[in-house]
Amino acid sequence: MRMVIIGGVAAGSKAAARARRVNPDMEIMLYQSEQHISYSACGQPYYLSGMIPKREALIIRTPADFADEGIEVKVNHLVTKLDTANRLMTVQDCQTGNTIQDGFDRLVIATGARNLLPEIAGCDLDGVVTVRSMTELDRFRSTLDRLQPHCAVVVGSGYIGLEIVESLSRLGLQVTLLGRNRQVFSRLDAEMSQSVHDYLMAQQVNVIAGDGIAELVPQSGRVREVVTLSGARLPADLVVLALGARPNVEIAEQAGISLGDTGAIAVDERMETNISGIFAAGDCAESRHRLTGKPIWCPLGDIANLQGRVAGENAAGGDARFPGVFGTAIFKTFELNVGLTGLTEHAARVAGFDPIVTVINAFDKARYYPGTERLKLKLVADAKDGRLLGAQAVGAGAVDKTIDIAATALMGKLSCLELENADLAYAPPFSPVLSPIIVAAGALSKQLK
Ligand code: FAD
């Protein structure tokens, strides 16, 4: 049996490795359009800031590592066409332009996502950069080195934009964050997002929310200014476009593979598409939200790995399931940690729940213990039975632990009544005697009673 994987970063690499473990005899071929496979896009902001000095640290596994496991990898090879009826594909060698035909019995599509660009002229000007692929990263790095910019405009206030704001500020640039949405990191409820906004202003970031990019103004062939939709003129010798991404679904769609409501490839719990034996995983594939049951596009590295593992196992003859997502996410900007899981209050209402909520400010360790930090925590529960629906946390404190406890509570369908008596680990260096999540769950329980 011959399995082919298209795309080799997170989902594709994981699918290949898993398939090999499940089926030691299977022929496995991976086509990757870029020069590198199996790298961490997630680490790119820290390489740009200089915190991670070596670019190579971001590359997790090489084609030679895969060859050791009997997985053939062809980099710089773009799959241009799929023929699902005859189980054939056309592959172009990006260096020579030559094309070949290859066949498969099982296929995993892991083509990921690409950056959205604004529909304005000048996106290819010198000084205008994006992050995602290693090629984009190298262009960003060399632009910094060559142009030695002093002032940057980061367009897009999602988590990648906020990570890049930190990277550039650490390099000494004066940074403006320009976001179309009135809320910075708009996945949060308004009062939580306001905390992020206020924090960034305190870090001397010029935050402009509710305005977008209208024009990139060049001078001597490089970008010099951004004009916003409201007419503001922002000096910029570096512009980072971080407006979000869209799934790479074109070859799948042209081959008759169904897309879901989100525009990503529709899959079942086995990560199988509408065509038997053809799987999809990672940023190109859709997920199901475990609270609403609705389709959701969740382009995150951990999800790509989880889905890739399931797709790889099933393509190799196994029977694994991916149960869906809670939309759990975390990032940091400067020393502020921001995380969420499940539904915000707003999303809970949109989904038809009647939510009760609480917002608390807490320490993450005993308040007298050196290094204790604060965090603001919001919990959302269902007024009907107290079942936890979501958590958002913002602060210098242990947001990661808080959100991971909440995510696990969502999985276990725990109510705030159960959570307020959770037996969590306590000693002064690790937690207050009652963890913030217990305190917040207690506040919700009072409302419920
Ligand atoms: P991709 O990484 O997009 O890889 C798909 C690959 O397939 C690409 O190399 C593409 O060139 C190739 N390809 C596409 N079409 C073809 C074709 N036709 N033929 C051959 N090859 C093809 N996620 C987190 O969970 N936490 C984080 O902290 C985090 N930080 C991030 C920071 C940045 C700056 C960025 C850009 C992303 C971050 N992510 C993070 C998201 C995470 O990197 C992605 O979710 C993950 O890379 C998705 O993996 P993937 O394999 O599905 O797709």
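Everything numeric here is computed off the predicted structure, so don't read it as measured data. Each ligand, and each atom within it, is numbered from 1 in the order the structure gives. Hydrogens, waters and symmetry mates are skipped; everything else that's a heavy atom, side chains included, is used.
The N/O atoms of Glu34, backbone and side chain alike, include one that comes under 3.5 Å of an N/O atom in ligand 1. The shortest N or O to N or O distance between Tyr159 and ligand 1 is below 3.5 Å. Residue contacts with ligand 1: Gly301 is placed with a nitrogen or oxygen under 3.5 Å of a nitrogen or oxygen of the ligand (distance criterion only). For ligand 1, the polar-atom distance check finds no N/O of Ile330 at less than 3.5 Å from any of the ligand's N/O atoms. Below 3.5 Å of separation, one finds an N or O of Gln32 facing an N or O of ligand 1. The distance criterion of under 3.5 Å between nitrogen or oxygen atoms is not met by Ile6 with respect to ligand 1. Backbone and side-chain nitrogen or oxygen atoms of Ile160 are examined, and none is located within less than 3.5 angstrom of a nitrogen or oxygen of ligand 1. Not one N or O of Arg132 is nearer than 3.5 Å to an N or O of ligand 1, by distance alone.
Atom 7 (O) of ligand 1 has as its closest protein heavy atom Gly7 CA, 3.2 Å. Closest protein heavy atom to atom 29 (C) of ligand 1: Cys42 SG, 3.2 Å. At the top of the distance list for atom 52 (O) of ligand 1, counting protein heavy atoms only, stands Asp283 N, 2.8 Å. Nearest protein heavy-atom contact of atom 50 (P) of ligand 1 is Ala11 N, 3.9 Å. Annotation: atom 14 (C) of ligand 1 to nearest protein heavy atom, Thr111 O, 3.2 Å. With respect to atom 18 (N) of ligand 1, the closest heavy atom belonging to the protein is Val79 O, 2.9 Å.
Side-chain contact between Tyr31 and Asp102 is present, with heavy atoms from C-beta onward closer than 4.5 Å.
Heavy-atom neighbours of Arg180 CZ from other residues, nucleotides or ligands within 6.0 Å: at or below the threshold of 12. No more than 12 heavy atoms of other residues, nucleotides or ligands sit less than 6.0 Å from atom CZ of Arg182. Taking a 6.0 Å sphere around CZ of Phe331, one finds it holds more than 12 heavy atoms contributed by other residues, nucleotides or ligands. Atom NE2 of His346 is surrounded by 12 or fewer heavy atoms from other residues, nucleotides or ligands within 6.0 Å. The environment of CE in Met411 is sparse: at most 12 heavy-atom neighbours from other residues, nucleotides or ligands sit within 6.0 Å.
In Ser133, neither the side chain nor the backbone holds a heavy atom less than 4.0 Å from any atom of ligand 1. Residue Ile251 touches ligand 1 through its side chain alone, judged by heavy-atom distances below 4.0 Å. Using a 4.0 Å cut-off between heavy atoms, Ala10 contacts ligand 1 through both its backbone and its side chain.
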* Take Asp261 and Lys294 through the salt bridge (Lys or Arg N to Asp or Glu O under 4.0 Å) test and state the conclusion after the steps. => CA-CA 9 Å; Asp261 293 346; Lys294 297 234 165 75; over 6 Å; no
* Starting from the C-alpha separation in whole Å, work towards a yes-or-no answer on salt bridge (Lys or Arg N to Asp or Glu O under 4.0 Å) for Arg146 and Asp126. => CA-CA 10 Å; Arg146 204 165 33 79; Asp126 198 11; 2.8 Å; yes
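With ligand atoms numbered from 1 in the order given, ligand 1 contributes 25 (O) to contacts under 4.0 Å with heavy atoms of Asp302. Taking a cut-off of under 4.0 Å to the non-hydrogen atoms of Gly112, the atoms of ligand 1 that pass are 1 (P), 3 (O), 5 (C), 52 (O), 53 (O). For ligand 1 and Ala304, the ligand atoms under 4.0 Å from any heavy atom of the residue are 48 (C), 49 (O), 52 (O). Near Tyr31, meaning under 4.0 Å from any of its heavy atoms, are these atoms of ligand 1: 20 (C), 21 (N).
Pairing each heavy atom of Leu168 with each of Ala152, the nearest pair is CD1-CB, 3.8 Å. Across all non-hydrogen atoms, the minimal contact from Met89 to Val4 is CE-CG1, 3.4 Å. For the residue pair Phe185 and Ser193, the shortest heavy atom distance occurs at O-CB, 4.1 Å. Residues Cys151 and Pro235 approach most closely at SG-O, 3.7 Å, considering heavy atoms.
Ranked by closest heavy atom to atom 34 (C) of ligand 1, the top entry among Ala245, Ala113, Ala41, Pro247 is Ala41. Looking at Ser40, Gly282, Ser33 and measuring to atom 10 (C) of ligand 1, the nearest heavy atom belongs to Ser33.
For Pro299, the closest heavy-atom approach to ligand 1 falls below 4.0 Å. Note on ligand 1: His77 sits in its first shell, one or more heavy atoms being nearer than 4.0 Å. The closest approach between a heavy atom of Phe331 and any atom of ligand 1 is not below 4.0 Å.
A salt bridge does not link Glu313 with Arg309: none of the charged nitrogens is closer than 4.0 Å to a carboxylate oxygen. Salt-bridge annotation for Arg18 and Glu69: absent, with no side-chain N of the basic residue lying under 4.0 Å from a carboxylate O of the acidic one.
Judged by a 6.0 Å distance limit and a 45° cone about the ring axis, Arg270 is not positioned over the six-membered ring of Phe322.
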